[in-house]
Amino acid sequence: MLRLRKTITAIGLASGLMISMSYAPQLFAQTYPNDSGCKKIENPTVEQKGWCVAIDRRKGNCLACHTIMVDPWPEGFPPGGNVAPALVSMKDRFPDPAKLRAQIYDSTAMNPNTRMPPFGKHKMLTDEQIDEIVAFLMTI
Ligand code: HEC
């Protein structure tokens, strides 16, 4: 009887492990896909859209200057730049999302000599894309 119970527990643990091993990487990959992964997400959330706009080299290209602290980093994806401070702990450092939005919309308002492009003012990104980036950044 005890032996049987042990066997059942072992099978239970093993199948639980197998389920989590086969599902977990997919879930993560969906959260932070690389650029080609971004094209494949069906019904992306606003936050996923924001991540994808941020890393897209024809759109935000934030990685040209910033590291973005997401975990796990998409496999085989080049790291961000060290020109600008790492985008980390955003929801703690920007309790007011409007301030974060303002930085991305027009970085020159904060610092006229900044190297960061004023994405909204110069219409490099749409208002909607900026909102999506803000929604994403508020998750990290
Ligand atoms: C060409 C380089 C460059 C690019 C591209 C760039 N930034 Fe920046 N960013 C900077 C620099 C430099 C600063 C530091 C503040 C300053 O110089 O005014 C900064 C500051 C920031 C800050 C405030 C600093 C902080 O406390 O974290 C945020 C938020 C930010 N950038 C977000 C973004 C996002 C989002 C993108 C992409 C849509 C982006 N940046 C693209 C250069 C860049």
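For the numbers below, each heavy atom of this structure counts, side chains included, while hydrogens, waters and symmetry mates do not. Just so you know, these numbers come straight off a predicted model, no measurement behind them. Atoms within a ligand are numbered from 1 in the order they appear, just like the ligands themselves. Residue indices begin at 1 and follow the sequence shown.
- With hydrogens and angles ignored, the 3.5 Å screen pairs no side-chain donor or acceptor of Thr114 with any backbone N or O of Asn111.
- The side-chain contact (heavy atoms from CB on, under 4.5 Å) search around Asp131 returns Arg101, not counting sequence neighbours.
- A donor-acceptor contact shorter than 3.5 Å is absent between the side chain of Ser89 and the backbone of Asp92.
- Aromatic ring centres of Trp51 and Tyr32 lie closer together than 6.0 Å.
- Every pair tested for ring-ring contact (aromatic ring centres under 6.0 Å, His included) that includes a residue from residues 89-131 fails, sequence neighbours excluded, so the list is empty.
- Near ligand 1, Gly60, Asn61, Cys62, Cys65, His66, Ala84, Pro85, Leu87, Met90, Arg93, Phe94, Leu100, Gln103, Ile104, Asn111, Thr114, Arg115, Met116, Pro117, Phe119, Ile133, Leu137 each place a heavy atom less than 4.0 angstrom from the ligand.
- Partners of Cys52 under the disulfide bond (SG atoms under 2.5 Å apart) rule, at least two apart in sequence or in another chain, are Cys38.
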